[in-house]
Amino acid sequence: MKIQELNTKVKNTWCPGCTNNGILFATKQAIVNLVNKKKIKLKNIVDVTGIGCHAKIYDYLNVNGFYSIHGRVLPTMLGIKVGNPSLTVIGFSGDGDTYAEGIAHFVHACRYNTDMTMIVHNNQVFALTTGQATPTTEIGFKDGSTPLGTKEKPLNPIVLALASGATFVARGYAQDSVHLTTLIEQGILHKGFAFIDILQPCITYHNTIPYFTKQIYKLNKNNHDPSNFEKAWIKAKEWDYCFKNNSKVPIGIFYKMKRPAFEAQWPQLKKPWYTIKRKIDWKKIADGFR
Ligand code: SF4
């Protein structure tokens with residue numbers, strides 16, 4: 001297939017130059033690569049989005065999809081995957097979406113290890129509502145709702161995912177679509193919960209591109225071993241989501257391991273329930289409510 005087949009006719013309303021376009025491109029390229037290698041089927045892909053700038057990707061990606069509600073991308077993905085385990089479920093969410101409203105779902109998704117891929121567009125602000133602080137905003141960030149600067153220590157989602165039992169933990173950069181494509185491909189192929197936190201600078205309300213351009217480096221060029229949990233933990237703590245001049249920001253796969261997927265452990269899901277022919281007496285069911 002060609003990448004153009006994933007285009008839609010919907011007008012792109014992200015701000016001109018928005019780095020969400022890098023995530024959109026990398027996702028399309030990853031899908032094309034995997035479909036052409038016959039690793040996944042296009043008709044089996046389902047995307048799920050939350051609410052935020054990221055969620056417009058639902059309109060721009062020509063696959064089956066579900067535009068869900070704020071903070072509830074992960075339970076929606078779980079329902080779809082358990083309903084039909086043959087589907088390739090890819091979730092898109094924002095940092096406010098995932099790490100504020102959806103934080104409980106995130107912790108349990110890491111524990112459950114359902115075979116699905118979660119992509120977080122982390123721009124460290126609520127961009128759609130003009131740039132308020134989220135749980136990953138750095139200390140000292142000022143906006144209309146925090147004129148004296150945020151005082152809270154940012155949450156480190158890489159550390160949280162590792163501590164919660166995630167089996168694939170990665171960080172990407174929206175401005176490096178080539179590297180990001182390989183991360184998304186590997187996340188989709190991973191048999192379990194794949195989590196990719198993507199640094200996605202919001203050029204309108206929180207332009208962190210100059211910082212990341214200087215401070216980012218790739219883990220695989222640093223001989224990082226993603227099967228080693230202790231080393232992953234050390235690398236995860238290397239950057240605290242604040243913008244100090246002496247911090248380095250690693251991107252790539254921090255940790256990857258095999259553990260049975262949630263849905264693979266339930267006998268009733270081995271033969272998909274929707275393929276079993278059932279004769280339902282709707283009248284009898286309706287009569288039960290009289
Ligand atoms: Fe992109 Fe920020 Fe504009 Fe949203 S507000 S479309 S994240 S640049």
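Note that the numbering runs from 1 along the sequence shown for the chain. All ligand and atom numbering here is 1-based and tracks the order in the structure.
Between F243 and W239, the ring planes are perpendicular. Angles over 60° get that label, and only those under 30° would be called parallel.
Here 1 is the count of protein N, O or S atoms positioned under 2.8 Å from atom 3 (Fe) of ligand 1, waters not counted.
Using a 4.0 Å heavy-atom cutoff, Q200 is listed among the residues neighbouring ligand 1.
Here K2 pairs with nothing under the salt bridge (charged side-chain N to carboxylate O under 4.0 Å, His left out) rule; sequence neighbours left out. Taking K153 as the reference, nothing meets the side-chain contact (heavy atoms from CB on, under 4.5 Å) condition, with sequence neighbours excluded. Looking at residues two or more places apart in sequence or on another chain, you find a side-chain contact (heavy atoms from CB on, under 4.5 Å) between S68 and V48, F66, V73, T76.
Each of D95, T19, N122 was scored for a side-chain hydrogen bond (donor to acceptor under 3.5 Å, both in side chains) with Q200, with one residue passing: T19.
Residues T27 and L61 meet the side-chain proximity criterion, which asks for heavy atoms closer than 4.5 Å.
In the vicinity of N123, heavy-atom distances shorter than 4.0 Å reach the ligand 1 atoms 7 (S).
Between F193 and F262, the gap from one ring centroid to the other reaches at least 6.0 Å.
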